[in-house]
Number of protein chains: 2
Amino acid sequence: MDTIIPAPQGFSGHTADYVVQAIRQGILDGSLPAHQPLRQDRIADTLGVSKVPVREALIQLKAEGLVTFTPNRGAVVSELSAAEAVEIYTMRIALELAALRIALPRLDRARLIRAESVLSILEQEETRAQWGRLNWEFHQTLYQASGMPRMVETIRALHDNVGRYLLIYLADPQYRRASNEEHRRILQACRDRDSTAALEQLRVHLEAASRELAAFLEKPRAERTMGGSDHVG
Amino acid sequence: MDTIIPAPQGFSGHTADYVVQAIRQGILDGSLPAHQPLRQDRIADTLGVSKVPVREALIQLKAEGLVTFTPNRGAVVSELSAAEAVEIYTMRIALELAALRIALPRLDRARLIRAESVLSILEQEETRAQWGRLNWEFHQTLYQASGMPRMVETIRALHDNVGRYLLIYLADPQYRRASNEEHRRILQACRDRDSTAALEQLRVHLEAASRELAAFLEKPRAERTMGGSDHVG
DNA sequence: CGATGTATCCATGGATACCATCATCCCAGC
DNA sequence: GCTGGGATGATGGTATCCATGGATACATCG
């Protein structure tokens with residue numbers, strides 16, 4: 001949080017939304033680790049706002065599941081249990097398969113090209129910080145064609161909840177390669193308008209991630225290797 | 001809102017949660033109709049709290065989709081378009097089928113009896129005000145056996161978004177009878193541990209509601225008969 | 001030396017007062 | 001009849017104050 005620039009200028013909309021963005025980004029890129037206390041006046045000072053919009057932001061993030069409140073003790077960054085991870089992936093599989101099924105017949109050339117382009121960047125990206133964003137960008141590009149913004153938004157919130165841990169999983173080059181291949185198969189099936197194959201590949205993709213994340217979270221915290229470096233290779 | 005007793009006494013937890021409950025109830029039972037402005041200081045006075053927790057409550061309800069914000073104009077009760085209704089039911093079908101599939105093998109005797117009891121009350125209930133609550137109570141009883149609280153909570157929020165309109169749909173005795181029969185078929189399939197039938201009946205149930213609600217919302221507002229009386233028969 | 005009680009500190013959660021900004025409405029003036 | 005410009009009122013945000021309860025350090029007692 002210290003490094004976040006206190007720059008609310010040029011921001012339209014509610015101040016709370018600005019605070020939400022700042023905190024969310026900190027959680028997603030790992031600079032705000034699980035159990036990190038989120039002190040209201042400290043955040044207010046850092047971002048150059050007052051306490052009220054900070055509390056409003058924390059409440060929004062609570063609704064997304066990214067922070068957890070304890071009465072009279074304030075908010076901390078949420079920790080995910082293995083069971084919760086499985087639950088989130090269960091919801092993601094249900095919703096993302098539905099979204100893709102609806103989106104498939106509406107995927108136009110432009111969108112497929114865009115998905116292809118995101119995927120190429122993702123495959124060559126060596127910096128962990130961008131993986132989560134690009135990964136979501138790829139999936140979102142497909143789902144948006146469903147014309148169901150609320151469903152896409154719900155899926156995004158679920159994705160954000162596992163985003164931090166996904167980075168750890170992707171730090172292993174083997175899993176990263178597998179993930180990229182799964183993305184390619186999904187995209188190819190979309191190009192072929194092969195609905196059955198696309199949905200099946202998406203299911204495989206999500207189930208693999210669910211399995212690996214659950215296995216990771218079932219290990220005691222001490223044994224977990226969080227992937228130290230910003231570069232792999 | 002005028003009739004709500006300003007009685008925060010005996011309420012543990014955050015004041016905002018108390019305000020959320022009050023406003024949510026007003027929206028669900030129809031006393032706060034769509035497009036009703038939700039004035040912050042008026043609500044604060046009525047409930048005997050200050051403005052701050054009211055704004056926090058409105059933000060929570062925004063996250064649930066029950067209220068809509070317009071910059072510098074505050075919050076109003078959300079209105080649902082036909083497209084949004086279809087979107088919500090698409091999400092409900094995806095999530096509720098997944099929840100029921102997981103819950104089915106874990107449904108014990110006690111829970112089935114509880115569901116049966118809720119259904120009996122619902123079938124004999126003549127007062128509209130309770131229909132929404134009892135309807136959700138029935139579905140929730142089944143889904144809770146999944147052991148996935150977050151999924152159940154997400155489904156509840158989606159249910160609340162269509163709850164108001166469901167009442168109109170159920171005001172027609174014909175649809176009400178059909179709905180009750182669908183509930184019975186779902187419950188019977190659960191008792192028989194017939195997973196395929198239970199999921200299929202749930203899908204039929206939700207798709208029927210989706211179809212009727214979409215048809216209702218596609219009519220111009222002037223033509224809509226909102227079902228005047230509190231009693232049918 | 002360990003367990004328990006106590007004083008202090010500190011952050012939360014909420015109330016209150018105040019203010020800039022923006023939307024809306026009403027009305028004069030053309 | 002249309003337009004422009006105050007009143008008016010609500011939002012959204014700041015600053016300040018305070019009661020409550022958790023946490024910690026310390027002191028006292030067994």
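Lettering follows sequence order; numbering is per chain, from 1. Values in this document were obtained by computation on a predicted structure and should not be read as measured data.
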By ring-ring contact (aromatic ring centres under 6.0 Å, His included), A:F69 pairs with (sequence neighbours left out) none

Rounded to whole Å, CG of B:L38 lies from P of D:dT11 at a distance of 9 Å

Here the distance between atom C1' of D:dG13 and atom CG of A:D17, to the nearest Å, is 14 Å

When you check the phosphate oxygens OP1 and OP2 of C:dG14, does a side-chain N or O of B:T15 lie under 4.0 Å from one of them? yes

- Query: Do A:T127 and A:Q130 get their side chains close enough for a donor-acceptor pair, meaning under 3.5 Å?
  - Reply: no

Sorted by chain and residue number, the side chain to side chain contact (heavy atoms under 4.5 Å, CB included) partners of B:Q25 (sequence neighbours excluded) come out as B:D29

Residues of residues 66-77 of chain A with a heavy atom under 4.0 Å from any atom of DNA chain D, listed by number, are A:N72, A:R73

Sorted by chain and residue number, the side-chain hydrogen bond (donor to acceptor under 3.5 Å, both in side chains) partners of A:E96 (sequence neighbours excluded) come out as A:R92, A:Y143

Whole-Å distance, B:R39 CZ to C:dA23 P, equals 15 Å

With sequence neighbours left out, the residues meeting side-chain hydrogen bond (donor to acceptor under 3.5 Å, both in side chains) with A:R150 are B:N161

From CG of A:D45 across to P of C:dA11 the rounded distance in Å is 11 Å

Rounded to whole Å, CZ of B:R42 lies from C1' of D:dA10 at a distance of 14 Å

Next item on the list: Kindly say if A:Q40 contacts the phosphate of C:dA11, meaning a side-chain N or O under 4.0 Å from OP1 or OP2.
Entry: no

Applied to residues 130-141 of chain B, the salt bridge (charged side-chain N to carboxylate O under 4.0 Å, His left out) test, sequence neighbours excluded, yields B:R114-B:E137

To the nearest angstrom, the NE2-P distance between A:H14 and C:dT21 comes to 16 Å

Sorted by number, residues from residues 51-63 of chain A placing a heavy atom under 4.0 Å from DNA chain C are A:K51, A:R55

* Asked: Does a salt bridge link B:E79 with B:R164, judged by any charged N lying under 4.0 Å from a carboxylate O?
  -> no

Taken in chain and number order and not counting sequence neighbours, the residues that satisfy side-chain hydrogen bond (donor to acceptor under 3.5 Å, both in side chains) with A:N135 are A:H159, A:H183

A:Y89 meets the ring-ring contact (aromatic ring centres under 6.0 Å, His included) criterion, sequence neighbours left out, with none

In 5'-to-3' order, the base (B), backbone-only (S) or no-contact (-) status of each nucleotide in nucleotides 4-9 of chain D, using a 4.0 angstrom heavy-atom cut-off, is ------

N/O donor-acceptor pairs under 3.5 Å from side chains in residues 207-214 of chain A, not counting sequence neighbours:
residue	atom	partner	partner atom	Å
A:E212	OE1	A:Y175	OH	2.8
A:E212	OE2	A:Y175	OH	3.4

Contacts of A:Q40 meeting side chain to side chain contact (heavy atoms under 4.5 Å, CB included) (sequence neighbours excluded), chain-then-number -> A:K51, A:V54, A:R55, A:L58

